[in-house]
**Student:** 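Could you have a look at this structure, given as structure tokens, before my questions?
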Amino acid sequence: MESERSSASVLLNGLSKLKWNLLVKGLLVGAVSGILAVLYRIAIEYGTKTSLGIYAYLRAHPTYIALWIFVVLAGGLFVAWLVALEPMASGSGIPQVEGVVLFGLKMKWHMILVVRFLGGILCSFFGLSLGREGPSVQIGAAGGQAVSRLLAEHDAEENYLITSGAAAGLSAAFSAPLSGVMFALEEIHRSFSPLILVSAFAASIVADFISKYFFGLRPVLHFYPIPQLPVSYYWYLLPVGIIAGLVGALMNATLLSFQQFYKGIPRRIRPCVAMLIALPCGLFLPLALGGGSDLIALAEGAKSGVVVLIIYLVVKLLFTSVSFGSGVPGGIFMPILTVGALSGSILSLTATRFGFPIEYVPVFAICAMAGTLASSVKAPITAILLTAEMSGSLVHTLPVAACAFIGLLVSDILKIDPIYETLLQRFIDRNGTTMTANRRGGIVEVPVEFGCEVVGKAIRDVQWPQGILIVAIRRGAKELVPQGSTVIVPGDYLIALCPQGREHEAKEAMRKLCLVQKEN
């Protein structure tokens, strides 16, 4: 016990410096992860552009289609081999990062980078309907882990840097630094620790600078001017939000259903199936290829008929599910946004027949994007910020926020589980729960939520898990040395020492005490 108290004293003495240490390390993580994510983004964009050229050539020279099928089969088998080599690099990557940060899953950063780059780039050359954003998050997290292996002093700090790398990855992928930070807090780490905020913000800003250096200052989805929606049209937000919520729920159901469907197909040929289905899409509906930024431009422009948009909506939803369900390295973030934009454009274009002004179609396409993402991922604040940063306009923040929360409400009413949470559970069920081996000793930090079991109790009155020693309480800007009589209040961050090798168990036990538990 005396040695534990001594460790606690050392920890407390370093808490005031830890924030600034994390800031400096976060800057380094942002540089490493930002460069990696930017290189991945450049490669994926080049691959998607090349796939459009390939399918255009095949349309003009159909005699080469048979040869292309052989190329597809070879490419699919190679991608399947890569995924078997490192299962943690399959699919989106976001659930795996959540598993590493929250549940201690093991991640080999060097293998993640190899498989993500080779597999993701190859899939882009075949035009699969996948986004670069989820993989960018995992690539950024891998960069954060690489830095942490050199600089982190304990496991909690390694988690901070991995989370910061994830923020940097999303920031570089979308040129959206605030969204990167919010996504890391809201979805990856699921707490708002000041330490995480400092390191994630530093990493995200650096990554955004690198992204803007390579891609310029133009927002990712800055296709058309987005006018300010008059208050008299705000009542349209209700049906748009409801439709967006339903589409997000449908997106989740379809993605998960096709993932189940692929269980009946041997793993080695699953990528081949997805790449073969990409062929007719590339020949006849090339805008359905890739993440979907061209389709979002089509939806915002309101220059095509409703029938065309409906066809693309159905094809994009199904093609994304076929591509993602095969288990190849690729994300669903951008396809979800694309399907949302199409649904909003279809609804608003239909409303123009009843007097709705056509110039506001882009507003509702943007609003439906946020509503669909909030419904599917259940990270509404990220959806609002991301929509604003990607479109480069804040004038529509209020209608976007309204649609995001309406979509979230619809999803909750339908009892839809967050897509990444479900994917994480399936990944664990499929691959087991290999935990990260402890390297530095057990330090656990857990926030205290209002209404949880420990709120209002003194330290000595709580039945703490065996071996847990509460060594510090972070309350606002202050760090307190806890006594037995110290009362825990909402918003506190409890810092505890735990036995070596039991960080995962200790964190889960602490979360049950300090977080409000969901009702089944």
Side-chain angles (χ1 to χ4, degrees), residues 48-49 51-60 62 65 123-124 126-131 221 223-224 239-240 242-255 257-258 261 273-326 330 332-354 356 358 360-369 371-373 375-376 407:
T48 302
K49 183 179 179 180
S51 73
L52 292 171
I54 291 173
Y55 287 117
Y57 184 84
L58 292 176
R59 277 196 302 273
I65 291 178
C123 287
S124 72
F126 291 97
L128 294 186
S129 181
L130 300 167
L221 299 181
F223 302 121
Y224 299 95
V240 171
I242 292 173
I243 293 297
L246 293 174
V247 170
L250 178 62
M251 188 82 187
N252 283 18
T254 308
L255 287 168
S257 295
F258 272 86
F261 167 77
V273 174
M275 291 176 181
L276 286 173
I277 292 176
L279 179 59
C281 292
L283 292 176
F284 303 110
L285 294 169
L287 290 183
L289 302 178
S293 57
D294 290 338
L295 271 183
I296 294 177
L298 181 71
E300 286 189 20
K303 294 180 180 179
S304 60
V306 172
V307 174
V308 172
L309 293 179
I310 291 175
I311 292 172
Y312 269 115
L313 173 63
V314 174
V315 171
K316 188 64 177 176
L317 191 151
L318 294 176
F319 185 29
T320 299
S321 300
V322 167
S323 300
F324 182 76
S326 66
I332 52 175
F333 215 105
M334 192 67 172
I336 291 173
L337 293 172
T338 302
V339 169
L342 288 169
S343 63
S345 183
I346 291 168
L347 184 61
S348 53
L349 280 174
T350 302
T352 59
R353 301 179 181 181
F354 303 96
F356 182 78
I358 195 170
Y360 298 122
V361 169
V363 178
F364 287 109
I366 291 292
C367 289
M369 281 173 50
T372 303
L373 186 63
S375 172
S376 174

**Student:** Is the backbone N or O of Leu349 less than 3.5 Å from a side-chain atom of Thr352, with the two atoms forming a donor-acceptor pair by type?
**Tutor:**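 Judged by distance alone, yes, a pair lies under 3.5 Å.
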**Student:** If you take all heavy atoms of Ser375 and Gly407, which pair is closest and at what distance?
**Tutor:** CB-O, 3.6 Å
**Student:** Minimum heavy-atom separation for Ala288 to Phe319, with atom names?
**Tutor:** O-CD2, 3.6 Å
**Student:** Could you grab the distance from atom OG of Ser124 to atom NZ of Lys49, nearest 0.5 Å is fine?
**Tutor:** 13.0 Å
**Student:** With sequence neighbours left out, what residues match Ser304 under side chain to side chain contact (heavy atoms under 4.5 Å, CB included)?
**Tutor:**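 Counting only residues at least two positions away or on another chain, Ser304 forms a side chain to side chain contact (heavy atoms under 4.5 Å, CB included) with Leu298, Val308, Leu309.
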**Student:** What are the two closest heavy atoms between Leu287 and Leu295, and how far apart are they?
**Tutor:** O-CG, 3.4 Å
**Student:** Mind checking the CG-CD1 spacing from Leu283 to Ile54? Nearest 0.5 Å is all I need.
**Tutor:**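 Taking CG in Leu283 and CD1 in Ile54, the distance rounds to 11.5 Å.
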**Student:** Any side-chain heavy atom of Ile346 sitting closer than 4.5 Å to one from Ile243?
**Tutor:** no
**Student:** Run the side-chain contact (heavy atoms from CB on, under 4.5 Å) check on Val240 and Ser348 step by step: do they pass?
**Tutor:** CA-CA 8 Å; Val240 171; Ser348 53; 6.0 Å; no
**Student:** Give a yes or no on whether the backbone of Thr254 and the side-chain of Ser257 come within a donor-acceptor separation of less than 3.5 Å.
**Tutor:**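 Not confirmed, Ser257 side chain does not pair with Thr254 backbone.
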**Student:** Walk me through it: do Thr350 and Phe356 pass the test side-chain contact (heavy atoms from CB on, under 4.5 Å)?
**Tutor:** CA-CA 9 Å; Thr350 302; Phe356 182 78; over 6 Å; no
**Student:** For the atom pair CZ (Phe364) and OG (Ser343), what is the distance rounded to the nearest 0.5 Å?
**Tutor:**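 Rounded to the nearest 0.5 Å, the CZ-OG separation comes to 12.5 Å.
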**Student:** Are any non-hydrogen side-chain atoms of Thr320 and Phe258 less than 4.5 angstrom apart?
**Tutor:**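 No, side chains not in contact.
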**Student:** Nearest 0.5 Å, please: how far is CD1 in Ile366 from CD in Glu300?
**Tutor:** 4.0 Å
**Student:** Pick from Leu347, Leu342, Thr372: which one makes a side-chain contact (heavy atoms from CB on, under 4.5 Å) with Val247?
**Tutor:** Thr372
**Student:** Give the intermediate values and the outcome of side-chain contact (heavy atoms from CB on, under 4.5 Å) for residues Met275 and Cys123.
**Tutor:** CA-CA 8 Å; Met275 291 176 181; Cys123 287; 4.1 Å; yes
**Student:** Restricting to side chain to side chain contact (heavy atoms under 4.5 Å, CB included), what partner residues turn up for Ala274, sequence neighbours left out?
**Tutor:** Leu128, Tyr262, Val322, Ser326
**Student:** Consider side-chain contact (heavy atoms from CB on, under 4.5 Å). Of Ile332, Asn252, Leu337, which one does Ser376 pass it with?
**Tutor:** Asn252
**Student:** Check for a donor-acceptor pair, side chain of Thr338 on one end and backbone N or O of Met334 on the other, with a separation under 3.5 Å.
**Tutor:** yes
**Student:** Calculate, to the nearest 0.5 Å, the distance between atoms CD1 and CZ belonging to Ile311 and Phe284 respectively.
**Tutor:**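 So the CD1 of Ile311 and the CZ of Phe284 are separated by 13.5 Å.
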**Student:** Locate the shortest heavy-atom distance separating Ser129 from Pro335; write the atom from each residue and the value.
**Tutor:** O-CG, 4.1 Å
**Student:** Side chain of Tyr55, backbone of Phe126: donor and acceptor closer than 3.5 Å?
**Tutor:** yes
**Student:** Of all the heavy-atom pairs spanning Val306 and Arg353, show the shortest one and how long it is.
**Tutor:**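 It is CG2-NH2, 4.3 Å.
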**Student:** Between Gly290 and Lys316, which heavy-atom pair has the shortest distance, and what is it?
**Tutor:** O-NZ, 2.6 Å
